[in-house]
Number of protein chains: 2
Amino acid sequence: MNVTSPPAPRDCRKVSDVFSRIGDRWSMQVILVLNNQKQRFNEIKKGVNGISQQMLARTLKLLERDGLIERFVLDASPPKVSYELTTLGLSLAEQVMALASWSLLNFETLSQNRERYDKTHEN
Amino acid sequence: MNVTSPPAPRDCRKVSDVFSRIGDRWSMQVILVLNNQKQRFNEIKKGVNGISQQMLARTLKLLERDGLIERFVLDASPPKVSYELTTLGLSLAEQVMALASWSLLNFETLSQNRERYDKTHEN
DNA sequence: CGGGATCCAGTAGGATACTG
DNA sequence: CAGTATCCTACTGGATCCCG
């Protein structure tokens, strides 16, 4: 895709599809936490601030379904399961990391913009 | 932020905040369509496949609130309004374009992975 | 420990009609 | 043309309990 022009409508649907899959509240955060680190369920849970057990389980399953992470059952009783980004997942993680860096860099600016907007439009 | 390590929990919240703002169904698509192109309301609507009038109006207002786009009223009656990415919006658009390119490149792989997963887990 | 099942609330998002 | 107002539905995500 040309970087200087908007995508074609057909492309838009594909982009929309991928975005709506990873653009939920948790997927990208899980990808970030797993970046270069094979981790177990509760380790990921600690890493992702505020996620519930169920949402983590759901998110991991969807990411596994897309082939972005791989699930390893280490032991059955007591259960030990760990997760790791696949090659595909790692390539996505790079893009997500770039977006995350942008977010950290510009978070304050965004907050200030919102505050200013709300003040001038509160009528 | 270091690209090889997961972000700190405090950073995670900021990243989550930004992601939950632009990670909805439409924001990133609008940003893509506006990339390097000042456009009017209905032009954007044509560019973003399937968006309703209301959702476009809502999305544009939120993006303007964050200072990512600027709104220009050209005429009052009949109304003519156009939108353009700000410098901040352009810098975000770069990251979003990278993610969009990844999406186009790997869309087929993702679809196949899902299909395969669903077949082997349908029990 | 790593989930699954169930129930519930909040909100994102769609359809339609109306307006300056 | 570029919105706003209203209503409604569907889905996301949270809480809780249970299970091997």
Side-chain angles (χ1 to χ4, degrees), chain A residues 12-13 16-31 33-34 38-66 69-84 117 121-123, chain B residues 12-13 16-31 33-34 37-66 69-84 117-118 121-123:
Chain A
C12 244
R13 261 178 270 139
S16 167
D17 184 281
V18 175
F19 281 11
S20 68
R21 175 60 273 290
I22 62 169
D24 59 19
R25 187 165 173 186
W26 301 115
S27 293
M28 293 205 267
Q29 289 191 72
V30 170
I31 289 174
V33 168
L34 278 178
K38 188 174 190 173
Q39 278 178 294
R40 290 179 54 188
F41 189 89
N42 277 328
E43 292 173 346
I44 304 173
K45 189 170 184 304
K46 281 178 199 165
V48 179
N49 186 284
I51 193 171
S52 70
Q53 228 179 26
Q54 163 160 247
M55 286 313 297
L56 179 54
R58 279 193 207 172
T59 303
L60 288 170
K61 194 183 285 185
L62 286 174
L63 291 175
E64 189 197 359
R65 180 174 179 249
D66 283 341
I69 65 176
E70 195 170 355
R71 184 172 181 269
F72 298 94
V73 179
L74 307 177
D75 223 329
S77 173
K80 288 189 182 180
V81 185
S82 67
Y83 296 87
E84 191 177 21
Y117 182 93
H121 292 74
E122 59 187 10
N123 39 347
Chain B
C12 244
R13 259 178 272 139
S16 168
D17 184 280
V18 175
F19 281 11
S20 69
R21 176 60 272 291
I22 63 168
D24 59 20
R25 185 165 176 187
W26 301 115
S27 293
M28 292 206 268
Q29 290 191 72
V30 170
I31 289 173
V33 169
L34 278 178
Q37 311 234 359
K38 189 173 188 173
Q39 278 178 293
R40 291 179 53 187
F41 188 89
N42 277 327
E43 292 172 345
I44 304 173
K45 190 168 183 305
K46 281 178 200 164
V48 179
N49 186 284
I51 193 171
S52 70
Q53 224 177 27
Q54 165 161 233
M55 287 312 299
L56 180 54
R58 282 193 207 173
T59 302
L60 288 170
K61 196 182 285 186
L62 287 174
L63 292 175
E64 188 196 0
R65 179 175 179 249
D66 284 340
I69 64 175
E70 195 169 355
R71 183 172 181 271
F72 298 94
V73 179
L74 308 177
D75 224 328
S77 175
K80 288 189 183 183
V81 184
S82 67
Y83 295 88
E84 190 176 23
Y117 183 93
D118 291 344
H121 292 74
E122 60 186 10
N123 41 349

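In what follows, chains carry the letters A, B, and so on, assigned in the order in which the sequence lines appear, proteins first and then strands, with residues in each chain numbered from 1.
If you find the closest nucleotide of DNA chain C to B:Ala76 and to B:Gly50, the one lying nearer the 5' end belongs to B:Gly50. Projected onto DNA chain D by closest heavy-atom contact, A:Ile51 and B:Pro79 fall at different nucleotides, the more 5' of which corresponds to B:Pro79.
In the displayed structure, A:Lys80 atom NZ is contacted under 6.0 Å by at most 12 heavy atoms of other residues, nucleotides or ligands.
One interatomic measurement links the two molecules: NZ of A:Lys80 to C1' of C:dG2, which rounds to 13 Å at whole-angstrom precision. Rounding to whole angstrom units, CE of residue B:Met55 and P of D:dT6 are separated by 18 Å. The interatomic distance linking B:Lys45 (NZ) with D:dG3 (P) rounds to 13 Å, in whole Å. Rounded to an integer number of Å, the gap from A:Lys46 NZ to C:dC1 C1' is 12 Å. The interatomic distance linking A:Leu56 (CG) with C:dG2 (P) rounds to 10 Å, in whole Å. In this structure, CG of B:Asp75 is placed 18 Å from P of C:dG20, rounded to the nearest angstrom. C:dT11 atom P lies 14 Å from atom CG of B:Leu62, rounded to whole Å. When rounded to the nearest whole Å, the span between CD of B:Glu64 and C1' of D:dG3 equals 13 Å.
At a non-hydrogen distance threshold of 4.0 Å, B:Asp24, B:Arg25, B:Trp26 from residues 22-30 of chain B come into contact with DNA chain C.
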| query | For nucleotides 3-9 of chain C, read 5' to 3', which letter fits each nucleotide if B means a protein heavy atom sits under 4.0 Å from the base, S means only the sugar-phosphate is that close, and - means neither? | reply | BSBB---
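Side-chain atoms of A:Ile51 and A:Gln29, non-hydrogen and from C-beta on, never get closer than 4.5 Å to each other. Counting heavy atoms from C-beta on, the side chains of B:Leu34 and B:Glu84 never come closer than 4.5 Å. A:Arg21 places a side-chain heavy atom less than 4.5 Å from the side chain of A:Leu63. For the pair A:Asn42 and A:Lys45, the minimum side-chain heavy-atom distance is below 4.5 Å.
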| message | Using the rule given for side chain to side chain contact (heavy atoms under 4.5 Å, CB included), can you reason through B:Leu60 versus B:Ile44, listing the C-alpha separation, both sets of side-chain angles and the distance that settles it, and then say yes or no? | response | CA-CA 10 Å; B:Leu60 288 170; B:Ile44 304 173; 4.1 Å; yes
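When all heavy atoms are compared, the tightest approach of B:Lys38 to B:Ser82 is CE-OG, 3.2 Å. Listed here is the closest heavy atom pair of A:Gln53 and A:Phe41: O-CZ, 3.7 Å. Looking at every heavy atom in both residues, A:Gly23 comes nearest to A:Met28 through CA-CE, 4.3 Å.
The side chain of A:Arg40 lies closest to C:dC1, out of C:dG14, D:dC1, C:dC1.
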